[in-house]
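See below for the structure under consideration.
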Number of protein chains: 2
Amino acid sequence: MNLRDLRYLLAVVEHGHFGRAAEASGVSQPTLSVQLRKLEAELGVVLLERGARGVAPTAACRRLLPHVRAAVAEADAIQAQARSLRDPLSGPFRLGIIPTLAPYLLPRVLAGLRARLPGLEIEPWEDLTDSLLERLREHDLDACLIATEPDQPDLLSRPLFDEPFLAALPPAHPLAARDTIAEEELARDILVLAEGHCLRDQALAVCRAATAQPMRATSLATLMHLVAAGYGTTLIPALAAESARDMGLVVRPLAPPASRTLRLVWRARSPRRPAVDALAEAIVALVARPSARPG
Amino acid sequence: MNLRDLRYLLAVVEHGHFGRAAEASGVSQPTLSVQLRKLEAELGVVLLERGARGVAPTAACRRLLPHVRAAVAEADAIQAQARSLRDPLSGPFRLGIIPTLAPYLLPRVLAGLRARLPGLEIEPWEDLTDSLLERLREHDLDACLIATEPDQPDLLSRPLFDEPFLAALPPAHPLAARDTIAEEELARDILVLAEGHCLRDQALAVCRAATAQPMRATSLATLMHLVAAGYGTTLIPALAAESARDMGLVVRPLAPPASRTLRLVWRARSPRRPAVDALAEAIVALVARPSARPG
DNA sequence: ATGTCATCATAGATTCGATCTATCAGGGAC
DNA sequence: GTCCCTGATAGATCGAATCTATGATGACAT
């Protein structure tokens, strides 16, 4: 069975006349005659009652017509939707983001992304780096924002921007009065995230500390609350500074400075490379000059 | 676009593998490769991300898949429904019946027809002869039961059975005591149906009367009620006798007898001739030996 | 590293099917 | 009876789908 033949059938039923249906379909009258006879033979059902003054659908045909119309309509829907998906910068785009970045980056850039890439429907997905990369490889995500460099051959990445690390202290902490803080000074009572967070490893590396402390916050927000409650200090990425200050923390730059590099990762074979590139550039621009937050 | 290609797409998406999808589709792997590339070119959308270990649908493809599945499902529904319509004795069958016959014939035969022709879904349509024949010619009906012989070249008919006319009288009528009644005796105070009813013409012909009486009942039931109320006499077809007696009328045979011939009419070109013939024979058999009425 | 295996893509030949033009056949209408 | 309109048929032509054989590429293991 063929969509073309179904369209022929609809044309003949609509016009009640082979010749006019043929003209409307852009083919010759014998074509319709032959093809519709074939369709009848294939279905084993007489669809048309031919008369000297035209043609009428049989009862069986009338029974089938709803399905025929539905099939043709779905085919048209496929083409219509494909037309709107033809723009490489449109359609759903699933973007994985690590938890120490998502809550602080997304409010800054989402509105701007909608303005710059109106066709791209970004669906954020928050998870730890390893899970994100696994999902990315399984085609569950289109790209990921992470803070490490993946070394898998089927994944490519590009750096977006560097995010400095900052010291976050309770106001009553002895170091809170200082303008800058050295890494070693922070190491003594630093609190870190649970395992799996790249920020945990980076914080420990920066401070050259191998803490085996029992407190392992599962989110940066939790961690900052712990610091605010006086349980210790921590290292936060720059984009979280505003949130940290809102919680009453004292935020100080490190001396010498340290940072992490945020990278956008995608599958080497992904056909969405244009969208990936556009997204990367948009994020860089929006982070450098953040757009207003959506009301 | 082609239903075949849509099925290919579904197979590849389902198997995630061109080779296995090809096997499942009964074609070679290059066929799928070529056809799906063509489909992508036609839609202008990359549907599949080819990898070294298989293939995955793109985000755009996932967007389209519901429509693709729907189109294929509708096509399958067409074939499934066609299979069940393949039996010439099945499917909807619109049967026109004149009003002086329908209420008395249908209760006698409908249950039996369902038993003898279980696939045939008879949809009765009650109207005057001329309207019925017009609808029949316009393909709005598959066949008609009427009491006259149509003389249109595109319509064929066959007689089913003769239905005697009977005299119907109020119990108090002077003729009610007689065993049989002559036509002339009835003519004096006969009531007839409104124009358009063939029974009106037949009654007038039988009784050689040209009444211009004001009372023109629009249904046989009304007419019989008028007779029961003592407004006159009338001629009824035999199948209405039971109903007439239920209303308290006296029913008597004519001497000499008169009758009308009920015919089944269909379009000369109708492809439903097998159903028409089966229906004709079933009705004849059921009228001769009526089945039990449905409870 | 390097060979091996698996995967999809490509090329050329072949077969099948859709379509065209020209013509036929049948029914109504006058 | 004759004409005209309708759909059906025939034979040729063109295009498209498919096949087999082979290439290209990447992953994995030794």
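We name chains A, B, ... by the order of the sequence lines, and we start the count at 1 in each one. Quick note: numbers below take in every heavy atom, side chains included, and nothing from hydrogens, waters or symmetry partners. Just so it is clear, the structure is predicted and the values come from calculations on it, not from any experiment.
- Side-chain contact between Asp142(A) and Leu279(A) is absent, with no heavy atoms from C-beta onward closer than 4.5 Å.
- Under a 4.0 Å N-O distance rule, the pair Arg269(B)/Asp154(B) does not qualify as a salt bridge.
- The side chain of Lys38(A) approaches dA18(C) more closely than any other nucleotide in the set dT7(C), dA18(C), dA27(D).
- In this structure, the nucleotide among dT19(C), dA8(D), dA9(C) sitting nearest to the side chain of Arg50(B) is dA9(C).
- The distance from atom CD of Gln152(A) to atom P of dG26(D) is 17 Å, rounded to the nearest whole Å.
- Rounded to an integer number of Å, the gap from His15(A) NE2 to dT6(D) C1' is 16 Å.
- Distance from the side chain of Gln35(A) is smallest to dT19(C) among dT18(D), dA8(D), dT19(C).
- Arg269(B) places its CZ atom 11 Å from the P atom of dG26(C), with the value rounded to the nearest Å.
- With DNA chain C read from its 5' end, the first of the two nearest nucleotides for Val27(A) and Gly19(B) is the one closest to Gly19(B).
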Between Leu10(A) and Arg69(A), is a side chain to side chain contact (heavy atoms under 4.5 Å, CB included) present by the stated rule, with each step listed? CA-CA 8 Å; Leu10(A) 291 183; Arg69(A) 292 206 172 88; 3.8 Å; yes
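- Remark on the helix from dA1(C)-dT30(D) to dC30(C)-dG1(D): inter-end axis angle 20°, axes from five-pair C1' superpositions, rounded to 10°.
- Candidate nucleotides dG7(D), dC20(C), dG26(D) were compared by shortest atom distance to the side chain of Gln29(A), and dG7(D) ranks first.
- When each of dA21(D), dT18(D), dT19(C) is scored by its nearest atom to the side-chain atoms of Thr31(A), the top-ranked nucleotide is dT19(C).
- Nearer to the 5' terminus of DNA chain D, by closest-nucleotide assignment, is the contact made by His17(A) (compared with the other of Gly26(B) and His17(A)).
- A side-chain donor from one of Arg260(A) and Thr100(A) sits under 3.5 Å from a side-chain acceptor of the other.
- Pro57(A) places none of its side-chain heavy atoms less than 4.5 Å from the side chain of Leu47(A).
- Distance from the side chain of Pro30(B) is smallest to dT20(D) among dA8(D), dT20(D), dG28(C).
- DNA chain C is contacted by both Gly16(B) and Val34(A); Gly16(B) maps to the nucleotide lying nearer its 5′ end (nearest heavy atom per residue).
- Here the side chain of Tyr8(B) is nearest to one of dC20(C), dG17(C), dT18(D), namely dT18(D).
- Atoms CZ (Arg137(A)) and C1' (dA27(D)) sit 10 Å apart, rounded to a whole Å.
- The distance from atom CZ of Arg7(A) to atom P of dT19(C) is 13 Å, rounded to the nearest whole Å.
- Contact annotation: Arg37(B) side-chain N/O to dT10(C) OP1/OP2 distance is under 4.0 Å.
- Straight-line distance from the CD atom of Glu49(A) to the P atom of dG7(D): 13 Å, rounded to whole Å.
- Contact check on Arg50(B) versus Glu40(B) returns a salt bridge, with a Lys/Arg side-chain nitrogen under 4.0 Å from an Asp/Glu carboxylate oxygen.
- Distance CG (Leu155(B)) to C1' (dG28(C)): 14 Å, rounded to an integer number of Å.
- With sequence neighbours left out, Asp130(A) forms a side-chain hydrogen bond (donor to acceptor under 3.5 Å, both in side chains) with no residue at all.
- Checking dA8(D), dT18(D), dT20(D) against the side-chain heavy atoms of Phe18(A) singles out dA8(D) as nearest.
- The neighbour count for Glu123(A) CD, taken as heavy atoms of other residues, nucleotides or ligands under 6.0 Å away, is above 12.
- In this structure, of dT21(C), dA11(C), dG17(C), it is dT21(C) that holds the atom nearest to the side chain of Ser28(A).
- One interatomic measurement links the two molecules: CG of Leu156(B) to C1' of dG27(C), which rounds to 14 Å at whole-angstrom precision.
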